[in-house]
Amino acid sequence: MDPASFDANVNGVRRDRTYVDDVLATAARQPDKAAVVSYVTGRAAPEVLTYGELAVLVDRGARALVDLGVRHGDVVALQLPNGWRFVVAALAAARAGAVVNPLVPILRQRELRFILDRTRARVFLVPELFRGHDHGSMARELGAELASLEHVVVLGDGPDEPFFGPAADPSSSPDAVTDAELDARRLEPAEVAEVQFTSGTTGEPKGVIHTGHTLWAAAETLRQGLDLGASDVVLMSSTLAHQTGYLYGFVMPLAWGMTAVYQDVWNGEEGVRIMAEQGVTFTMGATPFVMDAVAAQRRERRDVTTLRFFVCGGAPVPPHLVPACREELGADLVAVWGMTENGAVTLTRPADGPDLAADSDGIPTPWNQVRVVDGGGDDLPVGEPGRLLVRGASQTPGYFGRPDLYEACLTADPDGGDPWFDTGDLARMRDDGGIRIVGRLKDLIIRGGENVPAVEVEGVLYLHPKVRECAVVGVPDDRLGERACAVVIATDAADPPTLAELAEHCRVEGMARQFWPERVEVVDDFPRTPSGKVQKFRLRELLDSASV
């Protein structure tokens with residue numbers, strides 16, 4: 001791939017530096033300031049890296065990658081949990097001139113095989129074990145299968161391991177990569193810096209490309225919108241390998257010299273304890289995270305008076321949660337809407353009143369624009385639902401290896417300006433210039449902030465011998481927002497598949513556990529259109545009424 005062939009949206013904001021340059025500048029200016037505080041489940045004390053220590057490890061990791069043959073513009077994939085290793089690995093890859101491909105830890109062979117093959121990743125960094133799963137063995141198996149995957153690097157528990165250790169120090173060998181050589185590999189802000197795969201509705205995940213410009217713009221819009229600065233302390237418990245975590249738990253805090261605090265596995269009690277212990281001022285997560293934190297604070301009160309903002313996206317905010325967040329955590333609950341393709345496009349402003357987060361998805365953030373249009377592309381009046389179009393400085397330049405898919409999402413501007421991106425969501429405009437999401441054209445189920453691609457799950461379930469036809473739809477859940485329900489027509493009506501059988505089938509097929517159906521309903525037939533297509537909205541209605 002030629003990274004220089006991509007650039008940020010032409011109406012975007014330009015800089016002559018990247019977030020990596022920002023991190024290294026902070027390390028030179030404030031080497032003793034805490035950069036990363038990592039909480040690991042089962043360990044009493046967190047692991048802390050100062051900015052100075054972070055810079056040393058980043059350079060060592062970058063030299064190790066160069067020694068492995070990584071070239072400017074190569075893809076380096078990493079499937080690491082929240083913690084300092086993720087941060088060092090991602091910064092090291094960028095320092096070596098590589099494109100970072102973060103992969104969420106829940107993905108298994110099936111999803112990883114597709115992504116690693118599509119990107120032609122040369123190096124794959126994983127932990128040996130995480131949450132009981134043997135990532136090391138899985139990655140080695142994939143390395144044996146994929147010719148383009150030349151190196152699988154399994155990271156251990158200590159900073160003295162070979163990848164980050166003194167062996168990668170230039171003073172240890174006359175042949176070591178020098179600082180000047182690393183500087184020469186620097187990615188320009190207009191070059192591709194990241195590829196992030198998002199669940200698609202066609203059964204094929206899409207690799208969203210971001211440049212240094214678009215990453216910075218996406219992070220900066222939220223920072224400016226909430227007036228965050230170097231004195232803030234950010235807690236990120238959502239996985240850093242999701243774009244939410246990557247932008248607002250990694251790029252934003254470290255580019256601005258904040259302290260980033262990580263929790264490797266979300267737990268409400270632990271999360272609130274960390275907020276109190278570290279003086280957290282900002283955190284972000286899906287609606288269940290807020291619910292869990294509120295419930296934990298009610299069970300055992302802790303001093304979290306430093307917390308200013310709990311930003312929530314990925315699912316509607318229940319009205320009762322807004323005052324509960326203020327009363328129990330002392331923080332403003334801020335609703336945001338965005339996508340992997342563009343980061344936080346809209347947010348509610350705390351100054352607009354406490355009820356807005358439950359009734360709005362916010363106004364556009366700096367450098368972003370929104371439109372709501374009808375089927376013909378004409379703007380709709382306030383209050384009428386239609387297709388949501390967006391554009392701005394943080395908009396992706398395209399999908400990795402699939403320019404056709406991206407072109408299909410673009411709509412010409414009626415005044416001849418930059419094209420608009422069709423989000424696939426339905427929204428209505430508000431009097432205040434903001435939007436309210438009212439539905440999705442995309443066939444996705446959002447489970448606790450995780451996108452569950454229904455078509456992809458269906459493709460796996462169709463391989464089960466007891467399944468003749470199936471349709472996967474979302475059913476409401478008080479905590480997670482939605483759960484996946486498999487509606488099945490059995491091959492043999494006298495012997496339909498059970499939920500346990502379908503779950504085991506998904507496991508054997510190597511599908512991420514969060515994608516597995518959590519409910520199964522057996523039917524004789526589906527509600528269909530005259531052309532024979534399954535009417536999923538009718539299935540949802542029937543499931544809601546428990547009359548399937």
Side-chain angles (χ1 to χ4, degrees), residues 9 11-13 217-228 244 247-248 252 282 284-287 290 308-327 331-339 341-375 377-395 411 413-415 417-418 420-441 446 449 481:
N9 194 308
N11 72 348
V13 177
E220 184 67 356
T221 53
L222 188 59
R223 189 204 68 79
Q224 282 197 19
L226 296 178
D227 193 25
L228 302 174
T244 293
L247 287 172
Y248 306 114
M252 181 190 75
F282 167 98
M284 186 172 185
T287 306
V290 190
R308 297 164 58 206
F309 302 114
F310 206 132
V311 179
C312 189
V317 175
H320 71 84
L321 201 54
V322 178
C325 185
R326 165 56 61 184
E327 292 164 11
D332 288 316
L333 198 158
V334 176
V336 298
W337 176 86
M339 306 173 71
E341 284 86 345
N342 38 41
V345 175
T346 63
L347 86 160
T348 58
R349 300 167 299 187
D352 290 336
D355 298 327
L356 193 64
D359 188 48
S360 170
D361 291 286
I363 62 169
T365 52
W367 313 314
N368 280 307
Q369 297 172 292
V370 299
R371 292 174 64 204
V372 175
V373 301
D374 60 19
D378 294 323
D379 290 295
L380 288 167
V382 169
E384 289 194 23
R387 293 160 48 218
L388 177 62
L389 308 183
V390 301
R391 68 180 178 186
S394 58
Q395 180 64 33
T411 297
D413 182 70
D415 298 321
D418 295 331
W420 293 83
F421 178 75
D422 191 333
T423 66
D425 285 345
L426 298 172
R428 54 179 171 81
M429 292 293 294
R430 291 172 48 93
D431 290 326
D432 60 5
I435 60 167
R436 182 59 168 168
I437 302 296
V438 297
R440 293 191 302 277
L441 295 176
I446 300 182

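None of these values were measured; they are calculated from a predicted model. Only this structure's heavy atoms are used, side chains among them; waters, hydrogens and symmetry mates stay out.
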Ile363 versus Thr346: any side-chain heavy-atom pair under 4.5 Å?
-> no

Check side-chain contact (heavy atoms from CB on, under 4.5 Å) between Glu384 and all other residues, then give those that pass, not counting sequence neighbours.
-> Leu380, Pro381

Separation between OG1 of Thr411 and CZ of Arg371, rounded to the nearest 0.5 Å | 8.0 Å

Close side-chain approach of Phe282 to Leu222, heavy-atom, < 4.5 Å | yes

Flag the pair Gln395 / Asp418 as yes when at least one side-chain heavy-atom distance between them is below 4.5 Å, and no otherwise.
-> no

Exercise: identify the closest heavy-atom pair between Ala218 and Gly343 = CB-CA, 4.3 Å

Which pair of non-hydrogen atoms, one from Met284 and one from Phe310, has the smallest distance, and what is that distance?
-> C-CE2, 4.4 Å

Do Asp361 side-chain atoms and Ile437 backbone N/O form a donor-acceptor pair below 3.5 Å?
-> yes

Drop me the distance from Thr348's OG1 to Leu226's CG, to the nearest 0.5 angstrom.
-> 8.5 Å

Residue set satisfying side chain to side chain donor-acceptor pair (under 3.5 Å) with Arg349, at least two apart, ordered chain then number -> Asp352

Quick one: OG1 on Thr221 to OH on Tyr248, what's the gap to the nearest 0.5 Å?
-> 4.5 Å

Derivation of the side chain to side chain contact (heavy atoms under 4.5 Å, CB included) call for Trp337 and Thr423 | CA-CA 11 Å; Trp337 176 86; Thr423 66; 3.5 Å; yes

Can any side-chain N or O of Arg430 pair as donor or acceptor with the backbone N or O of Ser360 at less than 3.5 Å?
-> no

Taking all non-hydrogen atoms of both residues, which atom of Pro350 and which atom of Val334 are closest, and how far apart?
-> CG-CG2, 4.0 Å

Thr365: what forms a side chain to side chain donor-acceptor pair (under 3.5 Å) with it, not counting sequence neighbours?
-> Asn368

Whether Asp432 side chain and Gly434 backbone form a donor-acceptor pair below 3.5 Å = yes

Given side chains that start at C-beta, do those of Met429 and Ile435 come closer than 4.5 Å, heavy atoms only?
-> yes

Results of side chain to side chain donor-acceptor pair (under 3.5 Å) for Gln224 - residues two or more places apart only = Glu220

Side-chain contact, heavy-atom cut-off 4.5 Å: Gln369 with Val390?
-> no

Atom pair CZ/CG of Arg387 and Asp425 - distance to nearest 0.5 Å = 12.0 Å

Could you grab the distance from atom OG1 of Thr287 to atom CG of Leu333, nearest 0.5 Å is fine?
-> 8.0 Å

Got Val370 and Leu388 here, is their nearest side-chain heavy-atom distance under 4.5 Å?
-> yes

Tell me, please, which residues at least two apart from Asp374 pass side chain to side chain donor-acceptor pair (under 3.5 Å).
-> none

Qualifying residues under side-chain contact (heavy atoms from CB on, under 4.5 Å), relative to Arg308, sequence neighbours excluded = Leu228, Asp232, Thr281

Which heavy-atom pair separates Arg391 from Gly417 by the least distance, and what is that distance?
-> NH1-C, 4.0 Å

Candidate pair Asp378 and Val373, rule side chain to side chain contact (heavy atoms under 4.5 Å, CB included), full reasoning | CA-CA 5 Å; Asp378 294 323; Val373 301; 5.9 Å; no

Taking all heavy atoms of Pro364 and all of Gly433, pick out the closest pair and write down the distance.
-> CD-O, 3.6 Å

